[in-house]
Every structure is written in structure tokens, then in C-alpha cells.
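Here the structure is laid out as C-alpha cells; the discussion comes afterwards.
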Amino acid sequence: MAPEPLTIQGAEHAYPVVIRDGALMDALPAFVEARGFARVAVITNTTVGALYGASLVERLPGAFLIVVDDGEQYKTLDTLRTIYTALLAHGADRSTLVVTLGGGVVGDMGGFAAASFMRGVTLVQAPTSLLAMVDASLGGKVGVDLPQGKNLVGAFKDPLGVFADTSVLTTLPPNEFRCGMAEIIKAGLIADPALLERLQTRDADGIGEIITRAVLVKKRVVEADRLERGLRAVLNLGHTFGHAIEQVSGYAWKHGEAVAVGMVAAGRLSAARGLCAPELVDTVERVLRAAGLPLYYTHLDPAALWEAMAHDKKWQDGTARFVLLKDVGQPVIVDGVTRDEVIAVLSELREEQPA
Ligand SMILES: NC(=O)c1ccc[n+]([C@@H]2O[C@H](COP(=O)([O-])OP(=O)(O)OC[C@H]3O[C@@H](n4cnc5c(N)ncnc54)[C@H](O)[C@@H]3O)[C@@H](O)[C@H]2O)c1
Ligand SMILES: [Zn+2]
């Protein structure tokens with residue numbers, strides 16, 4: 001746990017990130033009350049709302065729940081419209097506070113509702129999935145998907161505060177927990193050797209500290225590059241490969257699991273190019289395996305994966321760009337990787353799938 005409240009400097013203001021057991025039911029209501037809000041819209045989904053919605057609303061002044069369907073397929077303009085309608089039906093105005101209670105889907109969509117409703121109302125994020133705690137709730141990016149692709153409509157919106165209650169992770173399904181672990185491992189690999197070490201020796205109650213360390217990594221990166229001019233790209237470690245796996249599999253692969261395989265691929269590509277020692281690949285694989293994450297894939301065609309990457313919006317200028325590793329904590333952005341190099345690594349990963 002951080003000795004003093006951790007804060008993130010956003011584009012407009014700095015905001016606290018409170019990470020601890022109980023943050024949802026005590027720290028968040030105290031924070032809201034101290035700021036004098038009289039009306040609070042808690043946006044959540046059917047799953048998380050059923051677990052925590054009523055208790056949270058009870059603790060907030062003039063609060064009401066807006067419950068949306070659960071799932072990425074509902075992160076749409078249609079659902080957004082139902083949110084605006086519910087806000088108006090409850091008499092929300094410019095002074096209303098929006099609290100998002102849920103995983104990254106609720107955080108992104110509810111955050112975008114807050115960024116756009118009446119040209120913007122105040123937002124507090126209460127991430128309840130591990131991935132939302134270490135990634136989606138931080139950095140100010142909010143938005144929804146279009147049929148043409150993910151996150152195609154959105155905004156930058158700094159929250160007033162982020163409250164990550166580690167006790168809610170007890171109800172998070174194990175596969176969702178693993179997906180959050182993939183992002184935590186990514187944070188360790190790009191910027192925090194001690195975190196990576198910690199992951200290999202973790203005791204059951206160390207999750208608060210692990211989340212805090214991963215949040216500190218994202219904090220450092222987004223503060224250094226608030227408008228995404230370049231440095232933020234290191235957060236994409238494993239993601240170029242990962243997005244291709246998600247896409248080519250028709251989203252049968254979950255994001256965190258695809259990124260796990262993507263990090264193995266990035267490690268192997270780094271070693272193949274002589275950027276890092278081969279032992280680094282072992283470390284990457286060991287940490288991922290310990291978290292129950294996949295290291296290989298089957299059934300997907302390496303050439304199709306390459307094609308998907310070539311159409312990645314981050315490669316618009318036509319150069320094949322990857323985040324690779326010189327060592328733990330030493331990411332490098334490498335341009336001009338060839339198709340042959342990538343296909344070689346991808347073929348290796350497919351073929352090494354143990355029987
Ligand atoms: N804005 C950003 O910078 C950013 C970064 C990364 C990801 N994202 C977005 O985040 C989304 C993925 O987020 P996610 O992985 O949290 O998915 P999610 O929001 O779909 O949550 C995963 C599942 O866990 C359930 N859940 C969440 N917390 C729970 C809890 N405490 N107990 C029981 N069930 C719980 C949810 O209802 C859902 O079924 C994607 O839409 C992605 O685009 C945004
Ligand atoms: Zn990710």
C-alpha cells in the first residue's frame with residue numbers, strides 16, 4: 001500500500017488513486033461527501049451492480065443506479081443513449097457526479113457519458129476488475145466501440161478520483177483475474193524489475209501492493225506522455241501481437257490471454273534480434289505460466305496474424321513497429337521489423353504448443 005495517497009497528474013488536474021481493501025464503501029463516499037455533491041449517478045452493469053450497487057448507493061448522497069447489460073458487445077452508442085436517457089429521467093444536471101462502478105467496459109462507457117453529458121460532468125471511477133484497476137481506469141481515455149472497431153468514439157476525461165477496492169476482487173471470475181495479471185506482468189516487464197520479482201514470490205494478500213506498483217508504472221508513463229505523442233507506446237508491449245490474435249480468432253481469445261502470448265512473442269523476437277539475453281525469454285514465460293496465462297497458441301495462421309498486424313492503426317505509416325525488450329525495465333521501440341522475422345517467431349510459438 002502507498003504510504004500517502006498516490007496521485008496522477010492528468011491533462012487538466014491531478015487526481016488521487018486510492019487502492020485498498022474497503023475503498024469503495026468508506027473512502028469513496030467520504031470523498032464524495034467532502035466535495036458537496038448532492039446528486040450522484042452510479043453507472044454499473046447487471047453483474048457488478050447486483051453485488052455492490054445497492055450498498056454503494058446507500059452510502060452516497062442523492063444517489064441512483066443506472067444498470068447496463070454486461071459485456072463488451074454493449075459498449076456502444078445505443079447503450080450510451082440509454083445512459084443519457086436515464087440521467088435525464090433522474091433529473092441529472094451539470095452538478096451531478098457520475099461514478100462508474102465496474103470493469104473497463106463500464107469505466108470507458110460511463111466515463112464517456114460523463115465526458116459528454118451536458119458537455120461534461122464530474123467523474124469518479126470505481127474500477128472493480130483487476131484490469132480496470134491497473135489499466136482502464138487510469139490515463140483518462142474513455143469511449144465506446146463502433147461496429148467498425150473498438151474504441152472508435154471517445155474522449156480524454158480526467159476523473160476526480162479513482163477508488164480501487166481490492167476486496168471486490170474476491171468475486172471477480174478467475175479468468176478475468178488472470179487477464180488483469182497479464183497487464184501487471186507487462187508493467188513489470190517494461191518498467192519495474194522489483195514488481196516482476198514480487199510476482200514470482202507472491203503471497204496471497206500482497207495484491208494491493210502489486211496493483212499499486214503496476215499503477216505507478218502506468219502513472220509514470222502517462223504523466224510523461226499525456227497526449228500520446230510517443231512514450232505511451234511502451235504500454236503496448238505484447239499488444240501488437242495480442243490484438244492480432246484477438247482479431248484473427250474472431251475475439252475467441254480474451255485480451256489479457258492474447259497479450260500474454262504477445263509478450264512471449266515480443267521476448268522471442270527481442271532475443272532473435274540479439275537485443276536481449278535468451279534468459280529473458282525464460283523469465284517472461286515463467287512469470288506468465290505462474291499466473292496461469294497461456295504461452296502458445298494453436299489453430300491460427302501466422303500469415304493471417306501478420307496481415308492483421310499490418311492493418312493495425314498504429315502501423316499506418318507502413319512501418320512494422322514493435323515494443324521489444326533489452327532487459328526487464330528496458331523497453332525499446334523498434335521499427336522496420338520484417339515479415340520473415342515475425343512469421344518465424346509466430347511459427348515457433350504455434351509449433352511449440354506442448355501435447
Ligand atoms: N481506457 C483505457 O485506457 C483502457 C485500457 C485498457 C482497457 N480498456 C477497456 O476495458 C475493457 C475491458 O475491461 P475489463 O477487462 O475490466 O472487462 P469488463 O468490464 O467486461 O469486466 C470483465 C467481467 O468481469 C465482471 N466484473 C468486473 N468486476 C467484477 C467484480 N468485482 N466481481 C464480479 N465480476 C466482476 C464484469 O461484469 C465483466 O463480466 C475493454 O472495453 C477495453 O477497451 C480501456
Ligand atoms: Zn491491454
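Bear in mind that the values here come from a model prediction, so they are computed numbers and not experimental data. Computed from heavy atoms alone, side chains included, the values below leave out hydrogens, waters and symmetry copies.
Salt-bridge annotation for Glu176 and Lys254: present, with a side-chain N of the basic residue lying under 4.0 Å from a carboxylate O of the acidic one. For the pair Arg268 and Glu285, the salt-bridge criterion is met [side-chain N within less than 4.0 Å of a carboxylate O].
When all heavy atoms of Ala41 and Ile66 are compared, the closest pair comes out as CB-CD1, 4.4 Å. Looking at every heavy atom in both residues, Pro29 comes nearest to Ala23 through CD-O, 4.5 Å. Leu235 and Lys186 make their closest contact through O-NZ, 2.9 Å (heavy atoms, listed as atom of the first residue, atom of the second, distance). Between Val106 and Ile43, the shortest heavy-atom contact is CG1-O, 3.4 Å. Contact detail for Met133 and Ser137: the closest heavy-atom pair is O-OG, 3.9 Å. Across all their heavy atoms, Val248 and Ala304 have their closest contact at CG2-O, 3.7 Å.
Shown here is Glu33, whose CD atom has no more than 12 heavy atoms of other residues, nucleotides or ligands within 6.0 Å.
Between Val287 and Leu189, every side-chain heavy-atom pair lies at or beyond the 4.5 Å cut-off. Looking at heavy atoms from C-beta onward, Thr7 lies out of side-chain contact with Gln9 at the 4.5 angstrom threshold. Arg20 is listed as a side-chain neighbour of Asp26, based on a closest heavy-atom distance under 4.5 Å. Within the 4.5 Å cutoff, side-chain heavy atoms of Phe241 are placed close to those of Val342. Within the 4.5 Å cutoff, no side-chain heavy atoms of Lys326 are placed close to those of Ser270. Using a 4.5 Å heavy-atom cutoff, the side chains of Val124 and Val40 are not in contact. Glu223 has its side chain within reach of Ile8: a pair of non-hydrogen atoms, C-beta onward, lies under 4.5 Å apart. A heavy-atom distance below 4.5 Å is not found between the side chains of Val264 and Tyr296.
For Thr79 and Thr76, the side-chain atoms include at least one donor-acceptor pair closer than 3.5 Å. Between the side chains of Tyr297 and Ser249, no donor-acceptor pair of N or O atoms lies under 3.5 Å.
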Q.
Applying side-chain contact (heavy atoms from CB on, under 4.5 Å) to Asp108 and Lys150, what does each step give before you reach the verdict?
A. CA-CA 11 Å; Asp108 277 13; Lys150 286 193 60 178; over 6 Å; no
Q | Derivation and outcome, side-chain contact (heavy atoms from CB on, under 4.5 Å), residues Phe163 and Leu24 | A | CA-CA 6 Å; Phe163 293 83; Leu24 186 60; 5.6 Å; no
Q. Please walk me through it: do Val68 and Tyr74 pass side-chain contact (heavy atoms from CB on, under 4.5 Å)?
A. CA-CA 8 Å; Val68 301; Tyr74 299 108; 5.9 Å; no
Q) Between Asp165 and Ser167, is a side-chain hydrogen bond (donor to acceptor under 3.5 Å, both in side chains) present by the stated rule, with each step listed? A) CA-CA 5 Å; Asp165 187 338; Ser167 73; 2.8 Å; yes
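Note on Val328: it does not cluster hydrophobically with Val281, by side-chain heavy-atom contacts below 4.5 Å among ILVMFWY residues. Following chains of ILVMFWY side-chain contacts shorter than 4.5 Å, one can reach Val337 starting from Ile333, so the two form part of one hydrophobic cluster. No continuous path of ILVMFWY side-chain contacts below 4.5 Å connects Tyr251 to Leu131, so the two sit in separate hydrophobic clusters.
For Asp335, the side chain to side chain donor-acceptor pair (under 3.5 Å) partners two or more places apart in sequence, or in a different chain, are Arg321.
Annotation: the span from Thr100 atom OG1 to Ile83 atom CD1 amounts to 10.0 Å, rounded to 0.5 Å. With values rounded to the nearest 0.5 angstrom, His255 atom NE2 is found 10.0 Å from Glu72 atom CD.
The stretch residues 123-138 participates, sequence neighbours left out, in these salt bridge (charged side-chain N to carboxylate O under 4.0 Å, His left out) pairs: Asp135-Lys218.
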